[in-house]
Amino acid sequence: MRISVSSDMDEPVARALLAELRERGHEVRAHGALSPGDDPQWAVCSEAAAREVADGTADQAVVCCWTGTGASIAANKVPGVRAALCTDAYTADGARRWNDANVLALSLRLTSEPLLREILDAWFAGAPSEDPEDRRNVDRTGRLDRERTGL
Ligand SMILES: O=C[C@H](O)[C@H](O)[C@H](O)COP(=O)(O)O
């Protein structure tokens, strides 16, 4: 899978995320503090990673900041993006299953390396639910994108 990764801080867990994704065979593109010369501000690098999902350059993205809040807010402003701030594996599984989330947001502060691996296991094992009610909910969030973009 092609995964865009952003972080506003060059923290050990963000480096571990890059390594873990590469070890799992993903093609990784880094943004922000993980890419020399990039603007590391969370609003900028999270948007850059999320836009790659929206335009099809990436299949998914993982966006990180200290709390995960700014990264998830910025990513969710990009039409077509459904970013989920996940602090545990159960939430990551639900985000893929029920919300068809295509961007994983992580807190650099809360996510230890073992927890990171659990979250990634659940995220990549999860597939979107085919339950019609779940689909209706996800589709309805697309209506908000259309309202904002006029498309
Ligand atoms: O939501 C925002 C994030 O948690 C940022 O990572 C945080 O604001 C970083 O703050 P500073 O750059 O002041 O350390």
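Both ligands and their constituent atoms are indexed starting at 1 by order of listing. We use all heavy atoms of the structure for the numbers below, so side chains are in, but hydrogens, waters and symmetry mates are not.
For the pair D134 and R97, the salt-bridge criterion is not met [side-chain N within less than 4.0 Å of a carboxylate O].
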Could you go step by step and tell me if Q60 and W123 meet the side chain to side chain donor-acceptor pair (under 3.5 Å) rule? CA-CA 11 Å; Q60 294 183 357; W123 178 266; 2.6 Å; yes
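Counting heavy atoms from C-beta outward, V13 and L17 have side chains that stay 4.5 Å or more apart.
Considering T111, L120, L104, V62 in turn, L104 is the only one that fulfils the side chain to side chain contact (heavy atoms under 4.5 Å, CB included) rule with C86.
Using a 4.0 Å threshold on non-hydrogen atoms, atom 6 (O) of ligand 1 counts as touching the protein. For atom 1 (O) of ligand 1, a protein non-hydrogen atom is found at a distance below 4.0 Å.
Taking any N or O of C65, backbone or side chain, none lies under 3.5 Å from an N or O belonging to ligand 1.
For atom 8 (O) of ligand 1, the closest non-hydrogen atom of the protein is W42 NE1, 4.0 Å. When only non-hydrogen protein atoms are considered, atom 14 (O) of ligand 1 lies nearest to M9 CE, 3.8 Å.
Of the heavy atoms in D8, only side-chain atoms (C-beta onward) come closer than 4.0 Å to ligand 1.
For the residue pair H31 / E52, a side-chain donor-acceptor distance below 3.5 Å is found, with atom types taken as modelled. Between the side chains of T57 and D55, at least one donor-acceptor pair of N or O atoms lies under 3.5 Å.
Proximity to G70 (heavy-atom distance under 4.0 Å) selects the following atoms of ligand 1: 1 (O), 2 (C).
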